[in-house]
Amino acid sequence: MTLSDQKYGAAITLASLLVFTMGAALFLGYAPLGVADVLWALGGVGDERHVFIVQEIRLPRILLGAMVGGSLGLAGAAIQGLLRNPLADPSVIGISASAGLGAVVAIYYGFAAMAAIAIPVFAIGFSITAMLILVWLAGKDASILTLILAGVAISSLAAALTSLAMNLSDNPFSLNDIILWLLGSLANRSYTELFLAGPFMVVGWALLIAARGSLPALSLGEDAAASLGVDLRRLRLQIIFGAALSVGGSVAVSGAIGFVGLVAPHLVRPFVGHDPGRLLVPSAFAGALLLVLADIGVRVLPGETELKLGVVTALLGAPFFLWLIIYTRRSMR
Amino acid sequence: MIETRNIHVSLGDHAAVRDASVRIGIGEMVGFIGPNGAGKTSLLRAMLRLAPIGGGQVMLDGTDITSDPVHAHARDIAYLPQGQNVAWPLTARRLVALGRVPHRTTWMDLSAADDKAVDLALHATDTMSFADRPVNELSGGERSRVLLARVLAVEATVLLVDEPTASLDPYHQLTTMEALKSAAGKGTAVCVVLHDLNLAGRYCDRLYLMHEGAIVASGPPGEVLSDENLAAVYRVTVRRDDRGDVVVDKRLSES
């Protein structure tokens with residue numbers, strides 16, 4: 001068997017599963033709609049309330065779930081490839097925390113009250129700013145280690161400033177908003193958010209997927225990768241900006257949803273021969289699938305208060321992270 | 001053909017390479033020897049422009065490439081750094097296929113020519129039998145042969161190889177040197193950093209002896225590996241066995 005025989009099996013399988021799951025998600029929710037009701041409503045006919053529920057509530061939520069999950073899965077895979085570390089995640093290099101800070105600033109200073117689009121704009125702006133600081137700190141030829149440490153520093157600063165904003169908030173209403181924001185959710189999102197954040201995400205995806213050819217060479221270390229024709233500086237910028245755009249856009253619409261960028265690449269890696277380039281697209285589909293599934297779980301779980309999606313992914317993701325640390329330590333010895 | 005002209009490399013305040021001029025021609029296998037810290041690795045990295053060049057020139061086939069970025073000559077110069085870390089548990093074959101990266105674009109699959117180059121490299125390094133095993137499950141010596149295969153798979157005109165025989169058993173030390181020799185036989189300029197003086201003497205057409213950043217001797221192995229040179233640079237006395245190989249006798253005293 002030669003390597004050229006191995007095609008895009010993982011991507012195709014996951015994409016099919018994703019489409020099927022997104023379709024199934026349309027039929028699930030609080031409002032007890034029958035299969036026929038949903039199908040009619042999709043075509044825009046039938047009961048007006050049904051049409052509204054399916055087209056204006058369920059559909060944008062499912063689409064956003066897939067886009068956010070896809071962004072996180074793709075960015076996670078790309079960042080892990082760049083840092084050569086299966087424990088890296090958009091949150092590790094400070095993108096999620098900075099985007100969250102941007103959103104909190106928008107809420108705290110009342111920009112969000114003036115115009116709802118302030119939240120996405122601030123989140124994306126802050127994550128890009130954070131990444132520029134990261135590039136400046138890490139310098140032209142920084143090692144991977146410097147990049148990680150700079151990311152940790154930026155993460156901590158963003159978290160501290162977020163706490164400061166909450167600490168100083170004299171308006172209990174906005175404090176409540178901030179806390180709810182930080183929990184992460186896809187509930188009550190509309191096409192407004194989708195159209196505002198979507199273009200940023202798409203540009204981010206394109207940048208990240210274009211790293212497909214360069215990431216495998218980086219498995220051998222930076223020197224060997226450079227000798228194989230990889231422009232390391234360009235690759236770093238490409239992944240940093242790609243991740244800032246896609247994750248910043250995601251946090252803007254959904255708040256902080258952690259661990260998808262960690263779990264998705266890990267699940268897919270064995271099916272692509274651990275190749276960090278071939279991992280990218282399947283990991284995006286896996287992230288989308290995971291988040292749509294988790295959101296279905298949140299919607300169908302019985303209870304007075306709907307669980308926040310970010311709480312669920314953290315509850316499932318954090319123990320996984322711990323397990324992954326132990327597993328990685330063992331297998332690297 | 002690769003050449004350095006009066007090259008200088010400074011790492012911090014330390015002059016790692018001083019005024020080194022070397023030239024490795026087509027089909028030549030040239031060894032770089034010298035004690036730890038003599039500047040062998042830095043000189044190799046200077047040829048790649050990976051080390052900061054503080055003066056002098058690097059010439060590839062007569063063209064000045066001193067200020068070209070590292071990634072600009074990936075098809076011409078292949079480099080095997082020391083060490084054997086591989087970030088992901090790729091199979092040996094997939095790792096060797098990384099040598100074909102300079103020949104492909106982002107979405108291109110491996111061509112028949114790529115597959116052939118990978119197979120040839122696996123054969124040359126005696127690694128075909130575990131081509132489909134993940135590299136993290138291989139022994140250190142097996143992995144370093146796979147990494148050598150990766151460099152051979154580039155099919156570059158210049159091969160820079162840093163200590164390829166470290167951690168290898170005697171049989172595979174010979175396999176490795178023969179693989180490099182055969183690459184040279186096909187017209188590649190091979191530069192190899194070695195610690196084993198006898199492997200260097202037996203396989204290399206010429207040797208450069210480095211000491212404290214400078215080239216202190218160069219020429220055919222018989223001349224470079226003289227008792228006087230070894231005493232001056234390595235601070236050891238040597239004997240010769242009946243086939244002329246160097247047998248280290250004892251350390252020279254500090255005085």
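Chain identifiers are assigned alphabetically (A, B, ...) following the order of the sequence lines, protein sequences preceding nucleic acid strands; residue numbering begins at 1 within each chain. Values below: all heavy atoms of this structure, side chains included; hydrogens, waters and symmetry mates excluded.
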- Query: Can you tell me if CZ on A:F320 sees more than 12 non-hydrogen neighbours from other groups inside 6.0 Å?
  - Reply: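 More than 12 within 6.0 Å, yes.
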- Message: Tell me if the CZ atom of B:R133 is crowded by more than 12 foreign heavy atoms within 6.0 Å.
- Response: yes
Taking only heavy atoms into account, what residues of [range] are found under 4.5 Å from chain A?
range                       : answer
residues 4-18 of chain B    : none
residues 150-159 of chain B : B:R150, B:V154
residues 41-64 of chain B   : B:R45, B:L48, B:L50

- Of all of B:L90, B:N85, B:V101, B:L147, which one pairs up most often with chain A through heavy atoms under 4.5 Å apart? B:L90
- Item | Between CG on residue A:L220 and CH2 on residue B:W88, distance to nearest 0.5 Å |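 Going from the CG atom of A:L220 to the CH2 atom of B:W88 covers 13.0 Å.
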- Enter the distance from B:L98:CG to A:D275:CG here, rounded to the nearest 0.5 Å.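 So the CG of B:L98 and the CG of A:D275 are separated by 7.5 Å.
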- Task: Please state whether the side chain, the backbone, both or neither of B:P89 comes within less than 4.5 Å of a heavy atom of chain A.
- Result: both
- Looking at A:G213, A:A225, A:A210, which one has more heavy-atom pairs under 4.5 Å with chain B than the rest?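 Option with the greatest count: A:G213.
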- Return the set of residues passing side-chain hydrogen bond (donor to acceptor under 3.5 Å, both in side chains) with B:Y79 (not counting sequence neighbours), or none when no residue passes. none
- Task: Could you give me the CA-CA distance, side-chain angles and deciding distance for A:D223 and B:V70, then say whether side chain to side chain contact (heavy atoms under 4.5 Å, CB included) is met?
- Result: CA-CA 9 Å; A:D223 286 354; B:V70 186; over 6 Å; no
